[in-house]
Amino acid sequence: MSDRDPRIQLSVIIPVGKRHANVRELYAEYHSGLEPVHLTHEFIFVLDGPHPEVMAELEQLIGENARNIIIISLSRPFGESTALMAGLERASGDLIVTLPAYHQIDGRDVAKLITPLDSADVAIGWRWPRSGGTLEKIRRAMFHRMVALVTGIRLHDIGCGARAMKRRVLEELSLYGDQHRLLAVLADRQGFRVTEVELRQSERDRFEGVYRPRQYAHLVLDVFTVFFLVRFTKKPLRFFGMIGASMCGLGALVVSYLVFDRLFFSESLANRPALLLSSLLVVLGLQLFALGLLAELIIFTQARHMKDYQAAEVIQYPEADVQRPTRESRIGTASLR
């Protein structure tokens, strides 16, 4: 982008939503945690909707000579994923760090996220050791196992908002909704190298409330959305065709049985609900199969514009130093023929 500051090496994006702590304390904690890396950095606070009290605190910090703070205020709440992408548009660094706007990790461990980027593209925070009751630990373990089963990538702390990545990772991904939680899964699907970093949990990382069932339902749906994106983005016929063929085949078997029963055992078809159900399965199966074919046609026409790989390294041999013949030598050669 034309407005990027070439002096900035690291951009820290902090999305501020409904749940947030004192930004003055957070800034001091995160700023001291970044001192060991010796990189020029900036803090980008993205206010997801109107937060006048946070805005006042940040403006006061800027007035106290905190010149590395940028404030982006969104007109209304759009979600953390949108806030992250809005922060990226204004970020100048080639390295991006996302941090939560509340006490989740020990701020002194922020520098640990940046070290793995020498060999990886994305570093995801893993709060360890993790506090919580027995039921909470069981709930977390079941959820992460479900994510591993559905997506094929094993993670330990999807809910951690502390992440570090190279700029091109966020530029390649399109985050929306609540998909920021599954950023590591999407990055792995895109071919980026993902690793986890153990971070100490903040002593003030305590959620005393109760998660509503709707939040669990949304998270499960997001997991299956990512599962579809990871497995079937370029092969939708395998998804719709598998379901459609199964439904159509089952319906066809039931219809065949009913017809056989009618022809050889004189059983009436008029009062048999199974006939209606089997016919419905056949029709729905064919429709799903046709939907998969249409999706395949769309993917085929757009495949050249879709990039789902990342080159880890490109080695190019230098061109051979071959002396090209000059105009005089070419003329001389022609006269000898």
Side-chain angles (χ1 to χ4, degrees), residues 3-48 51-74 80 83-118 120 122-128 157 159-167 169-170 180 183 196-206:
D3 57 348
R4 289 179 59 184
D5 188 346
R7 297 170 298 178
I8 301 298
Q9 299 170 296
L10 174 68
S11 295
V12 181
I13 303 176
I14 304 177
V16 182
K18 292 182 179 180
R19 183 185 178 188
H20 60 82
N22 185 293
V23 291
R24 178 182 291 273
E25 295 180 5
L26 278 177
Y27 172 75
E29 188 176 335
Y30 291 154
H31 187 271
S32 62
L34 286 173
E35 289 180 354
V37 299
H38 303 293
L39 296 174
T40 55
H41 57 272
E42 62 182 357
F43 282 84
I44 303 176
F45 288 86
V46 184
L47 307 187
D48 188 23
H51 293 281
E53 73 287 353
V54 177
M55 177 68 77
E57 292 178 356
L58 292 174
E59 290 178 345
Q60 187 177 2
L61 274 174
I62 295 177
E64 296 173 0
N65 207 29
R67 301 299 184 185
N68 61 343
I69 292 180
I70 298 173
I71 308 172
I72 301 175
S73 181
L74 303 183
E80 187 171 334
L84 289 177
M85 301 308 292
L88 174 67
E89 291 181 2
R90 186 58 183 80
S92 299
D94 289 327
L95 299 180
I96 305 294
V97 173
T98 69
L99 294 174
Y102 47 90
H103 298 283
Q104 193 179 62
I105 65 167
D106 192 326
R108 294 170 294 181
D109 288 351
V110 175
K112 292 182 179 180
L113 286 168
I114 303 172
T115 304
L117 295 183
D118 292 336
V122 182
I124 304 295
W126 172 16
R127 288 168 288 179
W128 185 261
D157 193 0
C160 185
R163 319 172 191 91
M165 66 205 77
K166 296 174 181 177
R167 183 186 185 90
V169 175
L170 277 180
H180 60 277
L183 186 149
E196 284 187 309
V197 180
E198 291 186 8
L199 306 176
R200 288 172 292 181
Q201 185 178 12
S202 173
E203 296 179 356
R204 290 189 280 182
D205 183 19
R206 299 292 184 272

> Is there side-chain contact between Leu34 and Leu39, with at least one heavy-atom pair below 4.5 Å?
Replying inline: no
> If we only count heavy atoms from C-beta on, is the Asp48 to Lys18 side-chain gap below 4.5 Å?
Replying inline: no
>> So Asp157 and Gln201, do their side chains get closer than 4.5 Å, heavy atoms only?
In response: no
> Tell me, do His31 and His41 make a side-chain contact under 4.5 Å, heavy atoms counted?
Replying inline: yes
> Hey, are Gln104 and Ser202 close enough side-chain-wise for a donor-acceptor pair under 3.5 Å?
Replying inline: no
> Any side-chain heavy-atom pair from Leu170 and Leu183 closer than 4.5 angstrom?
Replying inline: yes
>> Just so I know, are the side chains of His20 and Glu53 near enough to count as touching, which here means a heavy-atom distance under 4.5 Å?
In response: yes
> Any idea which heavy atoms bring Ala162 and Pro100 closest together, and the distance?
Replying inline: N-CD, 4.0 Å
> Taking C-beta and beyond as the side chain, do Val110 and Val37 meet within less than 4.5 Å on heavy atoms?
Replying inline: no
> Nearest 0.5 Å, what's the CD1-CD1 distance between Ile114 and Ile96?
Replying inline: 11.0 Å
> Under the 3.5 angstrom rule, does the side chain of Arg167 hit a backbone N or O of Gly93 as a donor-acceptor pair?
Replying inline: yes
> For Trp126 and Glu196, which heavy atoms make the closest approach, and how far apart are they?
Replying inline: CE3-OE1, 4.1 Å
>> Rounded to the nearest 0.5 Å, what separates atom NZ in Lys166 from atom CG in Asp94?
In response: 10.5 Å
> How far does CD1 of Ile14 sit from CD1 of Ile72, to the nearest 0.5 angstrom?
Replying inline: 12.0 Å
> Taking all atoms of both residues into account, what is the closest heavy-atom pair of Ile13 and Gly87, and its distance?
Replying inline: CD1-C, 3.6 Å
> Which atoms form the tightest heavy-atom contact between Gly107 and Tyr30, and what is the distance?
Replying inline: CA-CD2, 4.2 Å
> Is Arg108 atom CZ crowded by more than 12 heavy atoms from other residues, nucleotides or ligands, each under 6.0 Å away?
Replying inline: no
> Roughly how far, to the nearest 0.5 Å, is the CZ atom of Arg67 from the CD1 atom of Ile69?
Replying inline: 10.5 Å
>> Taking the basic N atoms (NZ, or NE/NH1/NH2) and the acidic carboxylate oxygens, is any pair closer than 4.0 Å for Asp205 and Arg200?
In response: no
>> Run Tyr27 and Phe43 through ring-ring contact (aromatic ring centres under 6.0 Å, His included) and show every step you take.
In response: CA-CA 8 Å; Tyr27 172 75; Phe43 282 84; 5.1 Å; yes
>> Quick one, Leu99 with Glu29, criterion side-chain contact (heavy atoms from CB on, under 4.5 Å). Give me CA distance, side-chain angles, the key distance, then yes/no.
In response: CA-CA 11 Å; Leu99 294 174; Glu29 188 176 335; over 6 Å; no
> Can you name the closest pair of heavy atoms from Cys160 and Arg127 and give their distance?
Replying inline: N-NH2, 3.8 Å
> Does any N or O in the side chain of Thr40 come within less than 3.5 Å of the main-chain N or O of Gln9, such that one atom is a donor and the other an acceptor?
Replying inline: yes
>> Tell me if a side-chain donor or acceptor on Glu42 pairs with a main-chain N or O of Ser92 at a distance below 3.5 Å.
In response: yes
> Would a 4.5 Å heavy-atom cut-off, applied to side chains only, mark Glu89 and Met85 as touching?
Replying inline: no
> Atom CZ of Arg4 and atom CZ of Arg90: how far apart are they, to the nearest 0.5 Å?
Replying inline: 11.0 Å
> So does Glu64 have more than 12 non-hydrogen atoms from other groups sitting under 6.0 Å from CD?
Replying inline: yes
> At their closest point, which heavy atom of Ala101 faces which heavy atom of Leu26, and how far apart are they?
Replying inline: O-CD1, 3.0 Å
> Could you state the interatomic distance from CE (Met165) to CG (Leu113), rounded to the nearest 0.5 Å?
Replying inline: 9.5 Å
